[in-house]
> 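After the structure tokens below, expect a handful of questions from me.
Lettering follows sequence order; numbering is per chain, from 1.
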Amino acid sequence: MKKLSAQFYAGPDVVALARQLLGKLLVSRFEGVLTAGRIVETEAYIGLTDRASHSFGGKRTDRNEHMYAAPGTAYVYICYGMHHLFNVVTNKKDIPDAVLIRALEPIEGIDMMLRRTGKPKPDKTLTRGPGNAAKALGIFKQHSGISLRSSDLYIADDGYIITNDLTGVSKRIGVESAGKAALYPYRFYVKGNPFVSSYPKK
DNA sequence: CCGGGGATTATCT
DNA sequence: GATAATCCCCGGC
């Protein structure tokens, strides 16, 4: 099991990277406690040209500043006033592409995840959805800007493979107001996995 | 299982 | 003052 390389995050195609992050392990080691989850759902945001992105058109504010950081940086922001959402910055510095981690399958440190989320016992809602996933790993807005090559928060490859026939693709969730961009097929998920936040309607 | 609506506040206009 | 890359609970089927 090894941390993803700086070169991985520097890839120029954020949509391809979102697909490749499926099956990887997101690991946090805050306060000496290891918690880890397998990534089972992601979404790509193409910073400059994607109306659903916080950095569309080159918009740059205090809130989204870390989208412009070096590849392999964490971008965490608060949504709906209460949820902390974790993203992986990719491409080059000053190109604000990012991948939103939408769901995890709990792997390690489940007791700690329960304590953080206040849930009485593990169930499929523990790490389902981007707000829950970040909460279970103890990721908050204050972690925005830290490197994913650090020892506190990183993504690792343990050799687990998500085959193409297990990979689902759909439009992104919660971006209805983004016009045409709302229909782009930039969401990837592991078919049949109970921690995936939702499945496309028939 | 599915859809509707309230919660709750940082951020931007 | 309005909006938001969400979640949970509730009711209906």
> Is the A:His143 ring parallel, tilted or perpendicular to the A:Phe30 ring (thresholds 30°, 60°)?
parallel
> Taking any heavy-atom pair under 4.0 Å as a contact, classify A:Lys135: base, sugar-phosphate, or nothing.
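The residue A:Lys135 makes no contact with any strand.
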> Identify whether any heavy atom of A:Asn132 sits under 4.0 Å from a base atom; if not, whether one sits that close to sugar-phosphate; answer base, sugar-phosphate or nothing.
sugar-phosphate
> Between A:Gly174 and A:Lys119, name the one whose nearest nucleotide on DNA chain C is closer to the 5' end.
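The answer here is A:Gly174.
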> Is A:Leu85 touching bases, backbone alone, or none of the nucleic acid, heavy atoms closer than 4.0 Å?
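Counting heavy atoms under 4.0 Å across all strands, the contact made by A:Leu85 is with sugar-phosphate only.
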> Ring of A:Tyr184, cation from A:Arg51 - is the NZ or CZ under 6.0 Å from the centre and inside 45° of the axis?
no
> Assign A:Arg102 to base, sugar-phosphate, or nothing according to its heavy-atom contacts below 4.0 angstrom with the strands shown.
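Since only primed, P, OP1 and OP2 atoms lie under 4.0 Å of A:Arg102, the category is sugar-phosphate.
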> For B:dT8, give the paired nucleotide (Watson-Crick: N1-N3 plus N6-O4 or O6-N4; G-U: N1-O2 and O6-N3; both under 3.5 Å), or none.
none
> Classify A:Ser197 by what it touches in the nucleic acid, base, sugar-phosphate, or nothing, heavy-atom distance under 4.0 Å.
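Result for A:Ser197 = nothing.
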> With a non-hydrogen cut-off below 4.0 angstrom, is A:Thr125 in contact with a base, only sugar-phosphate, or nothing?
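If one applies the 4.0 Å heavy-atom cut-off, A:Thr125 turns out to touch nothing in the nucleic acid.
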> Whole angstrom is fine here: how far is it from NE2 in A:His84 over to P in B:dT9?
11 Å
> For the base of B:dA7, is there a side-chain donor-acceptor partner from A:Tyr80 under 3.5 Å away?
no
> Should the side chain of A:His54 and the base of C:dA5 be counted as holding a donor-acceptor pair, with the cut-off at 3.5 Å?
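Answer yes: a donor N or O sits under 3.5 Å from an acceptor.
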